[in-house]
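Note that the structure is predicted; figures quoted are calculated from it, not measured. Chain naming here is simple, since letters A, B, ... match the order of the sequence lines and numbering starts at 1 in each. Values below: all heavy atoms of this structure, side chains included; hydrogens, waters and symmetry mates excluded.
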Number of protein chains: 2
Amino acid sequence: MPEEQTTRRPTVYDVAQEASVSIASVSFAFRRPDKLSEATRERVLDAARRLGYAPSGAARGLARGRTGILGLHAFDLLLERADPRAQPLSGMQSPALDAGGVIAWDQTDDDVLSDPRAFPLYVDEVQRGFELECWALGRPVMLSSGSDADVSVADTVGRVDGLAIFPSPQTAPTLARHTPSIPIVLFSAAPADDPHHRVRVDNARGMRDLVAHLVEEHAATDIAFVGRLEATDAVERRDAMIAELEARGIRPRLDSIDATVRGEDELVPQVRALLAGGRMPRAFVCATDQNAFTLLDVLAAEGVRVPDDVIVTGFDGTLGSRLTTPPLTTVRQPMEAMGRAAARILAGTAGSPPRGKTFDVVFEPRVLVRGSCGC
Amino acid sequence: MPEEQTTRRPTVYDVAQEASVSIASVSFAFRRPDKLSEATRERVLDAARRLGYAPSGAARGLARGRTGILGLHAFDLLLERADPRAQPLSGMQSPALDAGGVIAWDQTDDDVLSDPRAFPLYVDEVQRGFELECWALGRPVMLSSGSDADVSVADTVGRVDGLAIFPSPQTAPTLARHTPSIPIVLFSAAPADDPHHRVRVDNARGMRDLVAHLVEEHAATDIAFVGRLEATDAVERRDAMIAELEARGIRPRLDSIDATVRGEDELVPQVRALLAGGRMPRAFVCATDQNAFTLLDVLAAEGVRVPDDVIVTGFDGTLGSRLTTPPLTTVRQPMEAMGRAAARILAGTAGSPPRGKTFDVVFEPRVLVRGSCGC
DNA sequence: TTGTAGGCGTTATCAG
DNA sequence: CTGATAACGCCTACAA
């Protein structure tokens, strides 16, 4: 019967009594080993061991005023990423665990869950970097999710000493209220006048390099953008693409294609329309790798060959981009480094922000040239 | 200046005053919305918003006797997995974040960190399943690591309502002390007489199916095992391999090769010795995909062709196994499902364990036939 | 529906 | 090194 305490958890008092010392010594034995004689320390730890004593993190957090935990929060929205087929997790199979016997393969949904287009994605690699750095720092990580309702956000804020966030558009103002009490880092958020730290990639530069490659190596000038312009990242990338084309004296196509990450529903008719109208571009530049995955599927279904008939590129450089046919030319973000940077900022091991302002750490991306552009 | 509270965090008292209500109403506004009139509830939440109030998770945990958090713990040992080149994270570059300007690509170690042989591994996929289920349950996850010293373990135990663990061999006894206070799940641990729950895969069955394939489809009977026999998983797999060969009337080679996950140092001379002695087997069956990765490198360096000269197989079915040359024939564990099962056990949404004992959930694995066996 | 008071388990302080 | 005691912030009977 999980979740039920069979026994009362032992406290400092129990241990103190068992070891015939004061509760202060018990506390010291765990937190200030140096302030205790070797002998009593051993005696205390021994008693603790006997009793199965575990110091209450909650009580410690209360007394100290901080928990020592760093948080990483994803809004519910992002959870869709978990499932390429738009199937909510709750709809997945949940094999009975109390039935006994071996659980059959078909009950695990493993084919869906192991799809490299669904994991690891941008978010996952950033998260990994965050975890790695926290491990190196010896600090626990708290992963949470929730709506961007105030209550949900506040609940998360109340548990950690610092919080890194994959922001949704309307997130920043809500968060701003909490910044006086704990530091907050936003991933991939455009600069703005708020009190948060930022860790991001130079989207403009990545796109500039990518366009340069397409134009110079492949003489591709007729380029269409594919992406959802709700995300600020996508907007930055599209704008940079247009700017770079114009800088080269090329008049850009201004119709961008709205792609959803999940499903091909919206993409199919748009691609068909281009085909039918003889308006296919020479290249599709996608806002993210995921957009490119979807697009590749659609193109394949329509009998359009990549890269012969049309070039396709992605953005992010996720693992899945190596596994498409052909492999995807894309712009890689140093995602692990971004996650690590956020952890260091929150932990206070990153120095002081410049000019007495907040951190705005910008990483250089890298074009990964692969088959889908014809290289 | 991260980690320092510019302002004192507001408390229930501040909010109560701001909203002209009692602290109980403040608490109710967050935890028991129904026990309050719509009007006062709004008034309280409004005041909270104005003040940037976030309920202290520590205080709540203390008062309630539980934190609501589920934990996932990895012992330091496992952290090596993060780095294929045995480079501790601390040895990696840590670009200065307070210098201003864009951080150059070479300072990110991205090539190391994005190596698919290092991520995602078995542990990462199980972790992902755990996270997915916790998200679906609306529960935060705490990720921690540490030595298997009692103090470290106890500290983790004291922060969560339930704990899932990738155990090291000597872990179980230490943990057993804490089981009366919180439920504990061990991943991939052989059954034993301790109070922990277990989530694992049927190693014997996976190995049986794999050997069946090698023998029946490829007439490979001279098979050598590669792995570190410290891990109980590896032992189970080797024993199952031997048993299956014997069941087929084949006399198994009893010399297994000791492979380390990191580095090829120990593997090279052993493979060389086999080559020199003309004792190369028809197939190498590795205990894990990682062992197979290393072995493939060594074989390539020695000019041995796979699968023509020798067959190589892995175990786990990590993403990296798709990316080797040739792609690796391996046995996949339903890792996400395993992580999800652990979360459900800890959260109490898995029913009751059979026969009033602990859960021992066993999943069926699946042979993934790919190029490295000659298929 | 609202207010009051006691308690949760640590840490920190301070005089012995 | 000990012992006593006051926070820490919230939850929850219980009383009003």
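- Within the 4.0 angstrom heavy-atom criterion, no nucleotide atom of any strand lies near B/Phe30.
- Residue contacts for B/Ile23: at a heavy-atom cut-off of 4.0 Å it reaches a base atom on one of the strands shown.
- Between B/Arg64 atom CZ and D/dC8 atom P there is a gap of 22 Å when expressed in whole angstrom units.
- Residue B/Val26 is out of contact with every strand shown, counting any heavy-atom pair closer than 4.0 Å.
- Comparing C/dT2, C/dG9, D/dC10 by their nearest atom to the side chain of B/Ala59 picks out D/dC10.
- A salt bridge links B/Asp46 to B/Arg49: at least one charged side-chain nitrogen sits closer than 4.0 Å to a carboxylate oxygen.
- Residue B/Ser25 has a polar side-chain atom (N or O) positioned under 4.0 Å from OP1 or OP2 of C/dG3.
- In this structure, A/Phe28 atom CZ and C/dG9 atom P are separated by 21 Å, rounded to whole Å.
- Taking only side-chain nitrogens and oxygens, B/Arg31 comes nearer than 4.0 Å to OP1 or OP2 of D/dC11.
- When the nucleotides C/dT2, C/dT10, D/dC10 are ranked by their closest atom to the side chain of A/Arg60, C/dT10 comes out on top.
- Per the geometry, CZ belonging to B/Arg66 stands 13 Å off P belonging to D/dC11, to the nearest Å.
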ask   = Where do B/Tyr53 and B/Phe30 land on the ring-ring contact (aromatic ring centres under 6.0 Å, His included) test, with the steps shown first?
value = CA-CA 11 Å; B/Tyr53 167 73; B/Phe30 279 83; 5.5 Å; yes
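- Between D/dC10 and B/Tyr53, a contact under 4.0 Å exists linking OP1 or OP2 to a side-chain N or O.
- Between A/Thr11 and C/dG9 there is no side-chain N or O to OP1 or OP2 distance below 4.0 Å.
- The side chain of B/Ser27 contributes an N or O atom lying less than 4.0 Å from OP1 or OP2 of D/dC11.
- The side chain of B/Thr40 contributes an N or O atom lying less than 4.0 Å from OP1 or OP2 of C/dT2.
- In this entry the distance linking CD of A/Gln17 with C1' of D/dT2 reads 16 Å, nearest Å.
- None of B/Ile165, B/Leu72, B/Val151, B/Leu163 except one satisfies the side chain to side chain contact (heavy atoms under 4.5 Å, CB included) rule with B/Thr156; the exception is B/Leu163.
- The nearest whole Å value for the distance from the OH atom in B/Tyr13 to the P atom in C/dT4 is 10 Å.
- Proximity of A/Phe166 to A/Val126: side-chain heavy atoms (C-beta onward) are separated by under 4.5 Å at one or more points.
- Between A/Leu62 atom CG and C/dC8 atom P there is a gap of 13 Å when expressed in whole angstrom units.
- Here the C1' atom of nucleotide C/dT10 and the CZ atom of A/Arg32 are 13 Å apart, to the nearest Å.
- The distance from atom CZ of B/Arg159 to atom C1' of C/dG9 is 14 Å, rounded to the nearest whole Å.
- Between B/Arg159 and A/Arg60 there is a side-chain heavy-atom pair separated by less than 4.5 Å.
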